[in-house]
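Basis for what follows: all heavy atoms, side chains included, without hydrogens, waters or symmetry-related copies.
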Amino acid sequence: MRALIIEKTGLVQLGSQPLRLVELPIPVPSVNEVLIRISACGICHTELDEIEGRTPPTYLPMVPGHQAVGRIVGLGEQVTEWSIGERVGVAWIFSACGRCDYCLSGRENLCEQFQATGRDCNGGYAELMCAKASFVHRIPNELTDVEAAPLLCAGAIGYRSLRLTQLVDGQTLGLTGFGGSAHLVLKLARHQLPRSPVYVFARSKAEQAFAVELGATWVGNTDEHSPILLDAIIDTTPAWRPIVLALENLAPGGRLVINAIRKESTDQSELLRLHYAKHLWLEKEVKSVANVARDDVRKFLSIAAGSSIRPTTCLYGLVDANQALIELKTQSVVGAKVLML
């Protein structure tokens, strides 16, 4: 089968080839796994984090990709809950122990034995992949493969982020960065919190115009101050500086939710500029989002299927994956990028 692999970690830049297209043996599902023929796989900034070493693969070579959609073509011996031909998706959460307090309380995203698809186990940048039967997700009929792929991470993590803000309808929401995840958060907010104004901070005019098109109340650059202080802000950027800037736009008692696994190190000095009275005083809160639980993925797929929430997508073939990753790092992102298999 054809697959893209990470062979070594290093900087992704113009002219680089971070992934190599290879032929690999068809994987064989273990007793509790399913074999999936992949049709589409979302491209996520986390792939850059893996390649550049901020959250490196546990072994190399590794097949990345954790927003994979396809059909089941093989079953492990103990798999009874799935059938050949069913359409499923695989998200960032590949597996967890199932026994710890976190798992037993539905918070398997915090499990010490959490394994990530495409980082700890081979992912969806391939024609076929194996996945744990209890960690795959049924794709609703209302969603196409391309529509469903970004919902498995960008959408699900956005859903979790919005939930963690604890906003009630009518309170104000800010979005810092406006790429694959944030544009879905805006659509979700318009659906679940129709009276809540949404303020978007984005670097490029294209992203700002896209936010206005989707219903943003106000748009500005990342370093601008919003017209009013906001009840909650979700940060989806890969850098440190927007965190400090977001705190300046947060109202007393407000909450900043950081939707990122790692932050790039180029401007860590900005963190040292955190000023207690200016940025954190008056009971402001900062909360991180750690992965996603299965329930996040399944609930968001159901919400999207029953509403008009669909990602804006840009499609690539396997041979174009390196170019897609370079564009993801170096250019403004309007919507979500998806690999077609």
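A donor-acceptor pair is defined here as one N or O able to donate and one able to accept, closer than 3.5 Å; such a pair exists between the side chain of Arg190 and the backbone of Ser196. A donor-acceptor pair under 3.5 Å is formed between the side chain of Trp82 and the backbone N or O of Ala133. Between the side chain of Asn291 and the backbone N or O of Asn109 there is at least one donor-acceptor pair closer than 3.5 Å. With hydrogens and angles disregarded, a donor-acceptor distance shorter than 3.5 Å links the side chain of Glu52 to the backbone of Val12. Listed for the Thr165 side chain is no donor-acceptor partner under 3.5 Å among the backbone atoms of Ala232. Judged by distance alone, the side chain of Arg37 and the main-chain N or O of Arg71 form no donor-acceptor pair under 3.5 Å. Without hydrogens or angle criteria, Ser302 side chain to Arg298 main chain gives no donor-acceptor distance under 3.5 Å. Checked by atom type and distance alone, the side chain of Ser307 pairs as donor or acceptor with a backbone atom of Ile309 at under 3.5 Å.
No continuous path of ILVMFWY side-chain contacts below 4.5 Å connects Leu245 to Leu250, so the two sit in separate hydrophobic clusters. Both Leu214 and Leu173 sit in one connected hydrophobic cluster of ILVMFWY residues. Membership requires side-chain heavy atoms under 4.5 Å apart, directly or through other members.
Glu50 and Thr55 share no side-chain donor-acceptor pair at under 3.5 Å. Judged purely by distance below 3.5 Å, without hydrogens or angles, the side chains of Glu47 and His66 pair a donor atom with an acceptor atom. Side-chain contact check for Ser134 and Asn32: no donor-acceptor pair (N or O, by modelled atom type) lies under 3.5 Å. Glu327 and Tyr316 form a side-chain donor-acceptor contact under 3.5 Å, judged by distance and modelled atom types alone. Thr172 and Asp231 form a side-chain donor-acceptor contact under 3.5 Å, judged by distance and modelled atom types alone. Side-chain atoms of Asn221 and Gln208 form a donor-acceptor pair, as typed in the model, at a separation below 3.5 Å.
Taking CG of Asn259 as the start and CD1 of Ile234 as the end, the distance is 7.5 Å to the nearest 0.5 Å.
For Arg203, the CZ atom is loosely surrounded, since the number of other residues' heavy atoms within 6.0 Å does not exceed 12. Open room surrounds CD on Glu112; 12 or fewer heavy atoms of other groups in view lie less than 6.0 Å from it. Surrounding CG of Asp169 are more than 12 heavy atoms belonging to other residues, nucleotides or ligands, all under 6.0 Å away.
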Q: Go through the steps to decide whether Tyr159 and Lys299 satisfy the test side chain to side chain donor-acceptor pair (under 3.5 Å), and finish with yes or no.
A: CA-CA 9 Å; Tyr159 166 78; Lys299 283 184 176 177; 4.7 Å; no
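With ring centers used as reference points, Trp92 lies 6.0 Å or more from Phe135.
Electrostatic pairing of Arg163 and Asp296 counts as a salt bridge here, judged by a charged N lying under 4.0 Å from a carboxylate O.
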